[in-house]
Amino acid sequence: MAKQKKEFVTEITPQQEDFSRWYIDVIKKADLMDYAPVRGCIVFKPEGYELWEACQRELDKRFKATGHRNAYFPLFIPESFFQKEKEHVEGFNPELPWVTEAGGEKLEERLAIRPTSETIIGHMYSQWIQSYRDLPVLINQWANVVRWEKRTLPFLRTSEFLWQEGHTAHASEAEAREETMKILDLYTDFVETELAIPVFRGQKTPSEKFAGAVDTYSIEAMMKDGKAVQAGTSHYMGQNFAQAFDIKFLDKDNQLKYAYTTSWGVSTRLLGALIMVHGDDRGLALPPRVAPTQVIIIPIGPQKERERVVNHAEDLRQRLLAANIRVRMDAREDLSPGWKFNEYEMRGIPVRLEVGPRDMDNGQVVLVRRDTGEKTPVSTDSLLSALPQLLDDIQANMYAKAKAFRDEHSYTADTLPELADIIREKRGFVLAGWCGDEACEKAVKDECSATSRNIPFQPPQEMKHCINCGKPAQHTVWFARSY
RNA sequence: CGGAGCAUAGCGCAGCUUGGUAGCGCGCCUGCCUUGGGAGCAGGAGGUCGUGGGUUCAAAUCCCGCUGCUCCGACCA
C-alpha cells in the first residue's frame with residue numbers, strides 16, 4: 001500500500017519539490033480549470049466555477065444583510081472617463097484593452113474594456129444623486145473585468161477575471177469611512193468563516209494603495225509556500241471621484257457638497273488562495289462550508305451484493321440530501337473503490353462515506369475525513385446527527401491548521417539583512433518597523449523582492465525602528481513576497 | 001516587457017545529439033473477469049509531431065519567425 005501511495009502522488013508534484021508545479025498539477029487534476037486559447041485567460045470548469053458560486057452565495061448574503069443591492073453597469077468605458085481622475089488613469093492605462101472599431105467602422109471615441117468600474121459608476125451616480133436624501137447609495141456589481149497582465153497565473157492573476165465590486169456614496173466622511181471598515185469586517189468574516197483562511201487586516205501603504213483612493217485597506221492571507229495573497233480590498237476614496245465625476249448633493253444646510261465614495265472587491269483570486277492554503281500532496285482540500293460536494297458516497301461490494309449495497313447507499317444519499325447536505329454518490333462499477341478513494345481525496349471532497357456489505361451487516365457506515373485521513377465507523381442511525389458535527393469539526397480544524405501554519409511562519413525583524421534572510425530562507429511574513437519613506441519600502445523590495453502587505457491595525461508587536469534607515473518607526477508593517 | 005526552459009495521441013513522456021515509414025506508460029473502445037486504498041488477461045481505436053517559412057532527394061529531428069504555457073525579474077485583484 002505504501003508503494004501504491006507513492007506511485008499515486010507522482011501524478012502531483014510534491015509541494016516541497018516545486019510549489020508552483022504542485023499548484024498547476026492540482027488545479028488541472030482536480031478539473032477546476034483549463035487554459036483558454038487566449039493569452040492569460042482560463043475556463044472555469046464546473047468544479048472550479050461552483051467554488052466561485054459558493055463564494056458568491058455567501059458574500060451576496062452578507063452584502064444584502066448590510067443593505068447593499070446588486071446592479072449591473074456596462075463592460076465598455078469611454079476613454080474620456082479615464083482622463084477625469086489622474087491617478088486612476090495612470091494606474092490602469094498600462095493594462096487596458098481597447099475597442100477601437102465596431103461594425104466595420106472606426107469608433108469616434110475608443111472604449112476601454114473595464115478594469116474596474118469607478119469611472120462609469122461615478123458618472124451614473126452624478127446623475128442619480130441630488131440631495132442628501134438620495135444618500136447613501138449602496139450598490140454592488142458582480143462582473144468580469146479585464147486587466148492585461150504581463151504575467152498570468154490561473155485564478156491568482158488572469159487577464160480576465162470574475163469579481164464583485166461594491167460602490168457606495170455617502171454624505172459624510174465619517175459615514176464613508178465607516179462603510180469602508182464595515183466591508184473589511186465583512187470580508188474578514190467571509191474569508192475566515194467560509195474559506196477557513198485566517199487573514200491579517202490592515203492599511204495599505206501609499207505606494208500599494210488603489211489608484212485614486214485616499215486610503216486602501218486589505219486582508220492578507222499566507223499561502224503554504226509563505227507567499228501572500230491579497231484576499232480583499234476596501235477603499236476610502238474621499239471626494240476624489242466625486243470631484244472628478246461631479247457627484248454633488250444639496251445637504252441639509254442648503255450647501256452643495258461633494259459626496260464621499262468607497263469601493264471594495266474580492267475576486268476569483270480567492271480560489272487560488274483557497275487551493276494554496278488548504279491543499280496538500282494528495283491534492284485539493286475544500287472547507288465543507290464552500291465545498292460544492294461535501295460528502296461522496298462510495299458503495300463497495302462484490303457483484304452478488306452489488307444491488308443490495310447500492311440501494312442502501314442511494315437511500316442514504318436521499319436522506320442526506322433531505323438534511324441539506326451536499327452529497328453525491330459514485331456507484332460506477334468499472335472503477336475500483338481504491339481508485340475512487342484517491343480520486344475524491346485529490347478533488348478535495350471533505351468527507352467520504354464508505355458503505356459495503358460488512359457495514360450493512362453491522363448497521364454502520366465508515367466516514368473518512370479529507371483533512372486528517374481519519375476513518376470512523378458510525379452507526380447508520382446516528383449518521384444524520386453525526387455528519388453536520390463532523391463537517392463543522394473539519395471546517396474548524398482546517399482553519400486552525402491554516403492559522404497555526406501562518407503563525408509559525410510569521411516573524412519579526414529589526415534589520416534589513418535579517419528580514420531578507422527570513423524571506424529567503426524561511427519564507428513567510430515579516431513584521432518590521434517603517435519610517436514612512438517610500439525609499440525604505442523600496443529598499444526592502446530591491447533586497448529580497450518582499451513588498452509591504454499592510455500596516456496591521458493591531459500588530460502583534462510594535463516595531464520601534466525603520467527596517468532600512470533605522471530612524472524611529474512611524475508604522476509597523478507586514479512584509480512578504482506576494483502573488 | 002526582458003532572461004531561461006518547454007510544445008510529439010485525451011494525460012505524462014521517449015525519439016532530436018548523428019535527418020531515412022512516429023513509439024512507450026496511463027487513459028479510451030470490445031470481451032472475459034473483478035470490487036474494503038488507483039485490479040488482471042486478451043484484442044482494438046487513436047497523432048496535419050503548436051504554427052508559418054527555410055535548408056535537403058528526404059525534417060518530429062537542422063535553421064529563422066510567430067503563438068501558447070512554465071519558471072525567474074520589472075508592473076498588478
Side-chain angles (χ1 to χ4, degrees), chain A residues 1-13 18-21 23-25 28-29 31 34-42 90-96 115-116 144-165 204 207-208 210-211 216 218-220 229-235 263-273 282 298-306 309-310 331-346 352 354-360 365-366 368 373 375 377 442 445-446 449 451 481-483:
Chain A
M1 188 195 112
K3 185 164 168 274
Q4 283 174 335
K5 199 182 247 180
K6 213 163 190 127
E7 282 169 11
F8 169 71
V9 299
T10 56
E11 295 183 28
I12 297 176
T13 307
D18 184 339
F19 193 82
S20 303
R21 275 287 300 274
Y23 178 70
I24 301 294
D25 287 349
K28 293 194 82 167
K29 295 263 334 158
D31 210 26
D34 199 0
Y35 288 104
V38 180
R39 200 203 102 86
C41 293
I42 62 169
E90 285 171 3
F92 283 106
N93 240 346
E95 46 193 25
L96 294 181
T116 179
N144 59 335
V145 288
V146 172
R147 298 181 188 178
W148 214 253
E149 299 290 347
K150 307 283 192 232
R151 193 176 164 191
T152 60
L153 189 60
F155 297 121
L156 288 167
R157 195 182 306 98
T158 47
S159 298
E160 178 191 14
F161 57 95
L162 309 180
W163 77 346
Q164 58 70 215
E165 48 180 323
K204 285 289 187 182
S207 67
E208 293 281 331
F210 179 79
T216 289
S218 75
I219 53 175
E220 304 280 336
V229 164
Q230 178 176 297
T233 48
S234 185
H235 315 287
S263 75
W264 26 274
V266 301
S267 71
T268 38
R269 150 175 283 193
L270 284 173
L271 304 189
R282 297 189 67 71
I298 314 280
I300 300 163
Q303 200 68 52
K304 57 176 182 258
E305 299 267 32
R306 190 83 201 161
V309 173
V310 171
R332 287 178 292 179
E333 295 189 25
D334 53 332
L335 297 168
S336 71
W339 189 93
K340 293 176 188 171
F341 296 169
N342 287 308
E343 178 70 10
Y344 291 105
E345 280 169 15
M346 197 258 311
R352 176 171 74 247
E354 302 174 11
V355 58
R358 291 208 302 268
D359 298 313
M360 285 181 70
V365 299
V366 175
V368 187
K375 292 192 181 191
K442 188 166 184 303
K445 186 174 185 177
D446 291 344
S449 68
T451 52
R481 285 180 179 163
S482 75
Y483 280 100

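Chain A is the first sequence line, chain B the second, and so forth, proteins listed ahead of strands; every chain is numbered from 1.
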Answer for the Watson-Crick or wobble partner of B/A42, both distances under 3.5 Å, is B/U30
Between A/G356 and A/P154, the residue closer to the 5' end of RNA chain B by nearest nucleotide is A/G356
Integer angstrom distance from the P of B/C62 to that of B/C29: 37 Å
**Request:** Using a 4.0 Å heavy-atom cut-off across all strands, classify A/V366 as base, sugar-phosphate, or nothing.
**Result:** base
Inset, instruction - Would you check, one step at a time, whether the test side chain to side chain contact (heavy atoms under 4.5 Å, CB included) holds for A/R358 with A/I300? - result: CA-CA 10 Å; A/R358 291 208 302 268; A/I300 300 163; over 6 Å; no
B/A4 -> Watson-Crick or G-U wobble partner, both distances under 3.5 Å, gives B/U70
d(A/T216 OG1, A/H235 NE2) to nearest 0.5 Å is 4.5 Å
**Nearest-Å distance once atom P is located in both B/A74 and B/G3** = 16 Å
Rounded to the nearest 0.5 angstrom, the CG-OH distance for A/L156 and A/Y23 is 4.0 Å
Taken to the nearest whole Å, CG/A/D25 to P/B/G12 is 9 Å
Any strand, both distances under 3.5 Å, Watson-Crick or G-U wobble: B/A14 pairs with none
*Separation of the P atoms in B/A59 and B/C49, to the nearest angstrom*: 11 Å
Using a cut-off of under 3.5 Å, enumerate the N/O to N/O pairs linking the protein to nucleotides 27-35 of chain B.
{"from": "B/U35", "atom 1": "O2'", "to": "A/G301", "atom 2": "N", "distance (Å)": "3.3"}

**Study point:** B/U8 versus B/G50 - spacing of their P atoms, nearest Å
**Key:** 6 Å
A/R269 NZ/CZ over A/F161 ring centroid, <6.0 Å and within 45° of normal | no
When rounded to the nearest 0.5 Å, the distance separating OH of A/Y483 from CZ of A/F155 is 14.0 Å
Contacts of A/K28 and A/R358 projected onto RNA chain B by closest heavy atom; the upstream (5') one is A/K28
Taking atom C1' in both B/U35 and B/G15, what distance in whole Å separates the two? 39 Å
Taking a pair to mean Watson-Crick or G-U wobble geometry with both distances below 3.5 Å, B/U48 pairs with none
Heavy-atom contacts, protein to nucleotides 71-77 of chain B, under 4.0 Å, summarised as B (base), S (sugar-phosphate only) or - (none) per nt, yield SBBBSBB
**Report entry** Short side-chain N/O contact to B/U70 OP1/OP2 from A/Y23, under 4.0 Å
**Finding:** no
Rounded P spacing from B/C16 to B/C26 in Å: 23 Å
Re B/U21: Watson-Crick or G-U wobble partner, both distances kept under 3.5 Å, found to be none
Those residues at least two apart in sequence (or on a different chain) that pass side chain to side chain contact (heavy atoms under 4.5 Å, CB included) with A/S218 are A/K204, A/E220, A/Q230, A/T233, A/N454
For the side chain of A/K375 and the base of B/G36, is some donor closer than 3.5 Å to an acceptor across the two? no
Rounded to whole Å, the CZ-C1' distance (A/R39 to B/U70) equals 13 Å
Would you measure the distance from the P atom in B/G25 across to the matching atom in B/C41 and give it in whole Å? 12 Å
dist A/E160:CD -> A/W148:CH2 (nearest 0.5 Å) comes out at 9.5 Å
Checklist entry - Mind checking the P distance from B/G53 to B/C13? Whole angstroms is fine. => result 29 Å
(Q) Once you apply a heavy-atom cut-off of 4.0 Å, does A/E305 come out as touching a base, just sugar-phosphate, or nothing? (A) nothing
Whole-Å distance, A/F19 CZ to B/U70 P, equals 15 Å
From OH of A/Y35 across to P of B/A7 the rounded distance in Å is 16 Å
The reported gap from OG1 in A/T268 to CG in A/N144 (rounded to nearest 0.5 angstrom) is 10.0 Å
dist A/R352:CZ -> A/I298:CD1 (nearest 0.5 Å) comes out at 7.0 Å
#### Entry: A/R21 atom CZ, neighbour heavy-atom count above 12 within 6.0 Å
no
Out of B/G68, B/G37, B/G36, minimum distance to the side chain of A/R352 belongs to B/G37
- Query: So what does A/P37 touch, heavy atoms closer than 4.0 Å: a base, only the sugar-phosphate, or nothing?
  - Reply: nothing
Check your understanding: Side chain of A/D359, backbone of A/G356: donor and acceptor closer than 3.5 Å?
Key -> yes
- Looking for any heavy atom pair under 4.0 Å, which part of the strands does A/G40 touch: base, sugar-phosphate only, or nothing? sugar-phosphate
